[in-house]
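Comments concern the structure below.
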Amino acid sequence: MQLLAIFHQLYDRHGPQHWWPAETPFEVMVGAMLTQNTAWRNVEIAIANLKAVGRLELESILAMPIEALAQAIRPAGYFNVKAKRLQHLCQFLQQHPELDQLDSDQLRRQLLSIHGIGPETADDILLYAFNRPVFVIDAYTRRLFSRLGLVEADIGYESMREEFERVLDADPRLFNEYHALIVIHAKEICRPRPMCGACPLVQMCSYAVTT
DNA sequence: ACCCAGGGTCATA
DNA sequence: TATGACCATGGG
């Protein structure tokens, strides 16, 4: 797999993405939960609401009544579920200071033990809040690389992550930029359905590759 | 009226 | 282990 060559193609096409779009590591974690199966545009509204209502901090989210929290994040969808998940996350963070002392594997296990945090959200947090060299796999990543014929369409999360981390240098800056580029590229070009005919990266957006 | 979006949990077989 | 139901808003 020529993963590094693909990275450079994406970088040349789209440029640096400066992820994660957040002011603090805590905001990264909140955004990672809110964006579960949800358009980022809607998450931005929810985060703006949180900042307007009570400041985006652990204590104020815990102090907020669950109903008020749910109303604030309403635009992000699944608001009842996500309100509970946010408070679970905050309780965990409050009870486990010094998380940054753990190595990446231990930290990953801790994050996965939190109700509402699955593999992708955990890896978002590891990479973008804790700056750990963890490659985030998501639907975009699977779609792009399966369409390129480099992985099976139904490849599991862990096996795909391990493959990427085995081939690439464990560089958090690389992983940060790579995942962001995959997301941007998939939104603009590697769509669920075919789009226009003229695309600078013919191979990377061809719909015919998979179907 | 569909389909999609920077997923995860839970019940069932 | 592997599906399916469920959660819910907003834009194309």
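Each chain gets a letter, A, B and so on, in the order its sequence line appears, and its residues count up from 1. Computed over heavy atoms, backbone and side chain alike; hydrogens, waters and symmetry mates excluded.
Residue whose closest nucleotide on DNA chain B sits further toward the 5' end, between A:Asp138 and A:Ile117: A:Asp138. Taking the nucleotide of DNA chain C with the nearest heavy atom to each of A:Phe79 and A:Arg41, the more 5' of the two is matched to A:Phe79.
In this structure, CD of A:Glu44 is placed 15 Å from C1' of C:dT9, rounded to the nearest angstrom. For the pair A:Trp40 CH2 and C:dG10 C1', the computed distance is 16 Å after rounding to whole Å. A:Gln36 has its CD atom 17 Å from the P atom of C:dT9, to the nearest Å. Rounded to an integer number of Å, the gap from A:Glu120 CD to B:dT9 P is 12 Å. Here the P atom of nucleotide B:dG8 and the CD atom of A:Glu158 are 11 Å apart, to the nearest Å. In this entry the distance linking CD1 of A:Ile137 with C1' of B:dG8 reads 17 Å, nearest Å. Distance A:Lys84 NZ to B:dC10 P: 11 Å, rounded to the nearest Å. Spacing between atom NE2 of A:His88 and atom P of B:dG7 amounts to 21 Å, rounded to whole angstrom units.
Using a 4.0 Å cut-off between charged nitrogen and carboxylate oxygen, A:Arg41 and A:Glu44 do not count as a salt-bridge pair. Using a 4.0 Å cut-off between a side-chain N of Lys or Arg and a carboxylate O of Asp or Glu, A:Glu165 and A:Arg108 do not qualify as a salt bridge.
The residue A:Lys187 sits close to a base: some heavy atom pair falls under 4.0 Å.
One finds no side-chain N or O of A:Arg74 lying less than 4.0 angstrom from the OP1 or OP2 phosphate oxygen of C:dC7. Applying the 4.0 Å criterion to OP1 and OP2 of B:dG8, one finds that A:Thr121 has a side-chain N or O inside that range. In terms of phosphate contacts, A:Asn80 brings a side-chain nitrogen or oxygen within less than 4.0 Å of OP1 or OP2 of C:dA8.
For the residue pair A:His179/A:Asp138, the side-chain donor-acceptor check at 3.5 Å is satisfied.
The only member of A:Phe135, A:Phe7, A:Tyr157 that meets ring pair (Phe, Tyr, Trp, His ring centres under 6.0 Å) when paired with A:Phe164 is A:Phe135.
When both pairing distances are held under 3.5 Å, C:dC6 makes a Watson-Crick or G-U pair with B:dG8.
Relative to the side chain of A:Arg193, the nucleotides B:dA5, C:dC7, B:dC3 differ in distance, and B:dC3 lies closest. The A:His115 side chain lies nearest to B:dC10 when the options are B:dG7, C:dA8, B:dC10. Of the candidates B:dG8, C:dG10, B:dA5, C:dG10 carries the atom nearest the A:Asn42 side chain, counting heavy atoms from C-beta on. The nucleotide whose nearest atom lies closest to any side-chain atom of A:Arg143 is, among B:dC3, C:dA8, B:dA5, B:dA5. Across C:dA8, C:dG11, C:dG10, the shortest atom-to-atom separation from the side chain of A:Pro75 is found for C:dG10. The listed nucleotides are B:dA5, B:dG7, B:dC3; the one nearest the side chain of A:Pro192 is B:dA5.
Side-chain atoms of A:Ser104 do not come within 3.5 Å of backbone N or O of A:Arg132 as any donor-acceptor pair.
Going from the C1' atom of B:dA5 to that of C:dT3 covers 22 Å, rounded to whole Å. Across C:dG10 and B:dG8, the matching P atoms stand 22 Å from one another, rounded to whole Å.
What you find for A:Trp40 and A:Gly31 is that their closest heavy atoms are CZ3-O, 4.0 Å.
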